[in-house]
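Heavy-atom basis, side chains included; hydrogens, waters and symmetry copies ignored. Chain naming here is simple, since letters A, B, ... match the order of the sequence lines and numbering starts at 1 in each.
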There are 2 protein chains.
Amino acid sequence: MAITIKDVAKAAQVAPSTVSRVAADHPSISYETKKRVRKIMEEMGYHPNVNARSLANQSTQAIGIVMKSSADKALQNPFFPEVLRGISSVAHEQDYSLYVSTGETEAEVYESVQRMVFGKRVDGLILLYSQIDDRVTKFLLEQDFCFVLVGKPYEHADRITHVDNDNFTASYDITWELIHKGHEHIAFIGGDSNLVVTLNRLRGYEEALAKAGLPIRDDYHIHAELLKSGGREAVHQLFQLDEPPSGLVIADDLMSIGVITMLEEKGIKVPEDVSIVSFNNLYMSEISRPPLTTVDIQIYELGYQAAKCLIDKVNNKQEPSKRVIVPYEVVHRQSSRERRKPLHL
Amino acid sequence: MAITIKDVAKAAQVAPSTVSRVAADHPSISYETKKRVRKIMEEMGYHPNVNARSLANQSTQAIGIVMKSSADKALQNPFFPEVLRGISSVAHEQDYSLYVSTGETEAEVYESVQRMVFGKRVDGLILLYSQIDDRVTKFLLEQDFCFVLVGKPYEHADRITHVDNDNFTASYDITWELIHKGHEHIAFIGGDSNLVVTLNRLRGYEEALAKAGLPIRDDYHIHAELLKSGGREAVHQLFQLDEPPSGLVIADDLMSIGVITMLEEKGIKVPEDVSIVSFNNLYMSEISRPPLTTVDIQIYELGYQAAKCLIDKVNNKQEPSKRVIVPYEVVHRQSSRERRKPLHL
DNA sequence: TTGAAAGCGCTAACAA
DNA sequence: TTGTTAGCGCTTTCAA
């Protein structure tokens, strides 16, 4: 059995409560005693048992991380390690531990969240996704459990503290850039259509088209679900249209790389024939060929801010809900350029 | 305050211990009582407090995951989400929770591990890397704390349960394939040279060269550390040699993609001028251009097996150390091919 | 400034 | 088959 507070107390000839106070650096303990007790703690190799502490305290110093169910293995997306880095950095600074949800299906993740909440394993949760009619979000709201969302809530945005980019404007901007470069036929290839981020990026794209007086065409929309199985097919169709797009707005860098490959198979060149802009600025977007013009959404920062908000909230239940918007930045690389035949020639 | 075991006991008119036994599905409780108590638990919305349970039990039903310090942000490697999927799957099946280490530097990760161990937060740990003279490994061994390593231990391989691929042979095989295709000048580009996996892959490569009677040249070795800053430089040098390589064995797909890009900048074509083979079979290796010939090391399976071993060990301290070798498979794609001018022409 | 003691919610040995 | 009770290791109120 490990060294407990009692062992230290005995050795230091003080009461257990004194040791506890020393550990917590309680002000009412004399410098003398603190020094002496600390020395003994050190010598004996004392380390507090967090379970006991959690039990007595009703607080765990741990935060839970919920990721979208990983059932769709295709999404081996480096987004996750990167947010985690941000979260982990704050957590370490503040002596918080990190839990992650388990499970592969949506139902399993839901169970896992229930266990964290009811089991009092964590003081709060960070949700790494935001989707339409999400049961996890609903559950947390019902339980009035402390959580922060990375992304924009689908509902109750004013009750939910969230950290997000302005995806609408980012998408608007980047689409506008294509338009500005003379592209009139611009298609949108989106991620999972249940994700709010996909919707916002789609809206930004549409808004830009509308502003430019360009039509919004249904046959210019493809979604990730389509991309996987019938991906080749979908892209194929897109480029068989009477007016194939000369520009693509793609919701994720990883998808862009896949699309570039498909296009190449068909003898379509990027950026000569088609310009591509996308999102996230993953490491890969730099080493892709051509390197991608993409929106850097600062994934690390999203994680960092989310963790900070959560810890603030945990420490003070009165903390109002906030929204933190992490700025984005368009990174210009070679996947996009002027349209060959300029507009209105 | 949430519903406790006492509340349920009172409502069901039984002793708290009975409720506890029902929750644990203890055999000595009559079917009748179980049924009745369960119904009440349900009605009242009872959920056990895991901290209290851990404290009473001396067991947490949680496993910790230690990743290599993420300080080198460059490595936005999808390896991590993928092993995690494997681990998470087992964890969920067996009702285990998952902790992850926090911290960015090696020292911070070490602290974080200490906290998990001393604080009794977890029953066991999975180390996701194996490196030379690793202090975490040393610490765990000293503490006699239960853990499993993904990779091959640098020392004490017989005392440490580990899950690994046969990286030596894999590397040998894949190098041999290049040789078989007529390549005589084959260079090795490795990952972090403190990682055991890098060493093993290097050894396999060298062994194949030796077997073929080809010389092992120092100027044919590049390591990841070099790749980052002076990467361009290093590759540049490699291809300025009197006898530049016509084949490359690269320790990670992500690096391969970077290398291909650098080569392209220099007007060197893959696979026409240089053949590339690498490791991991990440999603990207399929959508890269050209798609990569690579060793599929079954990352998910590595995680799955590691978690299984760990839980076995946690449940039975007597469990002997084992080694699990997850089979690999070479996936042939377009990044490697016959050398243009065949050998001994 | 320090100590005594109750209690956080659960488990398990022992008793009935 | 079930109940009583003594902890698990820590915090915190109250008293000294």
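Residues passing the side chain to side chain donor-acceptor pair (under 3.5 Å) test with A:Glu108: none are found, sequence neighbours excluded. Applying the salt bridge (charged side-chain N to carboxylate O under 4.0 Å, His left out) rule to B:Glu111 yields no partners; only residues at least two apart in sequence or on another chain are considered. Under the rule for a side chain to side chain donor-acceptor pair (under 3.5 Å), A:Gln114 has no partner lying at least two apart in sequence or in another chain. For A:Gln94, the side-chain contact (heavy atoms from CB on, under 4.5 Å) criterion is met by A:Val90, A:Tyr96, A:Ile311, not counting sequence neighbours. For B:Ser30, the side chain to side chain donor-acceptor pair (under 3.5 Å) test picks out B:Thr33, with sequence neighbours left out. Take A:Asp95 and apply the side chain to side chain donor-acceptor pair (under 3.5 Å) test, not counting sequence neighbours, and it matches B:Arg115. Remark: B:Lys34 pairs with B:Val22, B:Asp25, B:Ile29, B:Arg38 by the side-chain contact (heavy atoms from CB on, under 4.5 Å) rule, at least two apart or across chains.
Nucleic acid contact for A:Ser54: none, since no nucleic acid atom lies under 4.0 Å from a heavy atom of the residue.
Using modelled atom types and a 3.5 Å distance limit, the side chains of A:Glu104 and B:Ser89 yield a donor-acceptor pair.
Note on residues 121-130 of chain A: pairs passing side chain to side chain donor-acceptor pair (under 3.5 Å), not counting sequence neighbours, are A:Thr60-A:Asp123, A:Tyr99-A:Arg121, A:Arg121-B:Ser97, A:Tyr129-A:Asp134. Applying the ring-ring contact (aromatic ring centres under 6.0 Å, His included) rule to pairs touching residues 19-61 of chain A yields A:His47-B:Phe118, sequence neighbours excluded.
Contact check of residues 25-32 of chain B against DNA chain D (heavy atom, cut-off under 4.0 Å) returns B:Ser28, B:Ile29, B:Ser30.
In the helix from C:dT1-D:dA16 to C:dA16-D:dT1, the terminal helix axes, each the rotation mapping four pairs' C1' atoms onto the next four within five end pairs, subtend 40°, rounded to 10°.
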- Query: How does protein contact run along nucleotides 9-16 of chain C, one letter per nucleotide 5' to 3', with B for base contact, S for sugar-phosphate only, - for none, heavy atoms under 4.0 Å?
  - Reply: BBBBBB--
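Between the CZ atom of B:Arg36 and the P atom of D:dT1 there is a distance of 15 Å, given to the nearest Å.
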